[in-house]
Chemist: 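Have a look at this one before I ask anything.
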There are 2 protein chains.
Amino acid sequence: MILSKTCDYGLRAVLYVATCLDREYISIGEISEKLNISFHFLTKILQKLTDKNLLISFRGPKGGVKLTRPAGTITLLEIIQAIEGPDFFDKCLLGLEKCKDDNQCPLHQHWSPLRLQLKNLFQQNTLETMAEMLKTNQFRITDLTVRF
Amino acid sequence: MILSKTCDYGLRAVLYVATCLDREYISIGEISEKLNISFHFLTKILQKLTDKNLLISFRGPKGGVKLTRPAGTITLLEIIQAIEGPDFFDKCLLGLEKCKDDNQCPLHQHWSPLRLQLKNLFQQNTLETMAEMLKTNQFRITDLTVRF
DNA sequence: TATATATCGGACAATATTGTCTTAAATTGA
DNA sequence: TCAATTTAAGACAATATTGTCCGATATATA
Ligand code: FES
Ligand code: FES
């Protein structure tokens, strides 16, 4: 609905990695298997996040990806904007160009604050926050009935 | 971002029609021209809305489409759900299946209320409300520099 | 009745998104 | 050094979305 499948996969993968902070590099194979995401497709998505300096990758046995910075310093917004683009939360609900207060569509006054709330939500929640929740085993990050 | 292009087009077209309440049927050709939307593509979208009983269409000269009910009784939500599907506002932000309170992803508690706000927004605004705004000429419904 | 106009319906094409596969390069450990 | 493992990179395929076109049908008007 809101996010592309690519973005969903990327978020879920990064969240998974954030739950493994005791370990070193996490292999993409493991992530794709645990989250039931196509390995090659996920590889591309994570490469993008690596390019954007949100992940560090490492080849060979014991290789994989890890977070560039501590999970508490990476927001969901960073992940989303890395994948969907930096202006993702600036768009007109009706798809019109250059959504601005002085060039409004009839939905702007309603959409604009809601959009900001959404953006704030993603900005205020770090990977650590989410990982903490996941570790309680009361939340899911996959359709599979697996827990961490 | 949120809505598909199809839905954007549909909404904008229906809003345009709602601004023409003094007239009878509005031709799709006129709508597509004024809103700069592909005629044939728009035709299909409006056919869908006709099938869902939100529009009535009429063939031949003086033909076109008109609203089935008074603009004040049709909500934006109806249009959106007709195009995007009735469960559009029930989906998990991470794309997981069966988003429910007792089967949450870590974003659910934040996303669920926001999603509801969004849905309410669309439910509370009728085509009439929007059309009134458009008639003040202070709002736009197209990228073109046309006013109504 | 004839002509022009408009939607209807379906085929088809272009593009974007999503997913698959293969080869290369890096790294580990035997 | 050699084999196994893993990411990198790019080609390619499948699917979904978006957009185009054409003939059929309905209607108004002359
Ligand atoms: S102009 Fe449409 S949401 Fe801002
Ligand atoms: S389960 Fe993810 S938003 Fe409800």
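Throughout, a chain's letter reflects where its sequence line sits, starting with A, and its residues are numbered from 1. Since the structure is predicted, the reported quantities are computational estimates derived from the model, not experimental observations.
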Chemist: Check if the side chain of A/R59 and the base of D/dT7 share a donor-acceptor pair of N or O atoms closer than 3.5 Å.
Modeler: yes
Chemist: Please walk me through it: do A/L54 and A/T50 pass side-chain contact (heavy atoms from CB on, under 4.5 Å)?
Modeler: CA-CA 6 Å; A/L54 291 163; A/T50 301; over 6 Å; no
Chemist: Does one side chain, of A/Q124 or A/T75, offer a donor that lies under 3.5 Å from an acceptor on the other?
Modeler: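 Distance-only check fails for A/Q124 and A/T75.
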Chemist: I need the NZ-C1' distance between B/K66 and D/dT27, as an integer number of Å.
Modeler: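 So the NZ-C1' distance, B/K66 to D/dT27, works out to 15 Å.
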Chemist: Want to settle it: does A/T6 or A/F58 sit nearer the 5' end of DNA chain C, counting the closest nucleotide to each?
Modeler: A/T6
Chemist: Does anyone know the first and last nucleotide of DNA chain C in reach of chain B, 5' to 3', at under 4.0 angstrom to a heavy atom?
Modeler: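 So the contact region on DNA chain C extends C/dA4 to C/dA11.
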Chemist: Under 4.0 Å: is that the gap between some side-chain N or O of B/Y9 and OP1 or OP2 of D/dG19?
Modeler: yes
Chemist: By a strict heavy-atom criterion of less than 4.0 Å, which residues belonging to residues 46-56 of chain B are in contact with DNA chain D?
Modeler: none
Chemist: Any donor-acceptor pair under 3.5 Å linking the side-chain atoms of B/Y16 with those of B/K34?
Modeler: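 Judged by distance alone, the side chains do pair up.
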Chemist: Answer yes or no: is there a side-chain heavy-atom contact under 4.5 Å between A/I74 and A/T126?
Modeler: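 Answer no - side chains too far apart.
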Chemist: Any side-chain heavy atom of A/Q104 within less than 4.5 Å of one from B/R140?
Modeler: no
Chemist: Using whole Å, report how far CZ of B/F39 lies from P of D/dG19.
Modeler: 15 Å
Chemist: By nearest heavy atom, map A/H40 and A/K62 onto DNA chain D; which one lands nearer the 5' end?
Modeler: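 Comparing both residues, the 5'-ward one is A/K62.
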Chemist: Starting at atom CD1 of B/I28, determine the distance to atom P of D/dT20, rounded to an integer number of angstrom.
Modeler: 15 Å
Chemist: Between D/dA11 atom P and A/F41 atom CZ, what is the distance in whole Å?
Modeler: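 It is 18 Å, rounded to the nearest whole Å.
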Chemist: Measure the shortest side-chain to side-chain distance between A/V14 and A/L67 over non-hydrogen atoms and say whether it is less than 4.5 angstrom.
Modeler: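 Yes, side chains in contact.
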Chemist: Distance only, no hydrogens: is a donor on one side chain within 3.5 Å (strictly under) of an acceptor on the other, for B/E84 and B/S4?
Modeler: yes
Chemist: For the pair made of CD1 in B/I45 and C1' in D/dT20, what is the distance, rounded to whole Å?
Modeler: 13 Å
Chemist: Are any non-hydrogen side-chain atoms of A/L3 and A/F88 less than 4.5 angstrom apart?
Modeler: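 Yes. Closest side-chain heavy atoms under 4.5 Å.
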Chemist: What residues form a side chain to side chain contact (heavy atoms under 4.5 Å, CB included) with B/K119, not counting sequence neighbours?
Modeler: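 With sequence neighbours excluded, B/K119 shows a side chain to side chain contact (heavy atoms under 4.5 Å, CB included) to B/L77, B/Q81, B/F89, B/D90, given in chain and number order.
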Chemist: Nearest to the side chain of A/S57, which nucleotide is it out of D/dT7, D/dT27, D/dT29?
Modeler: D/dT7
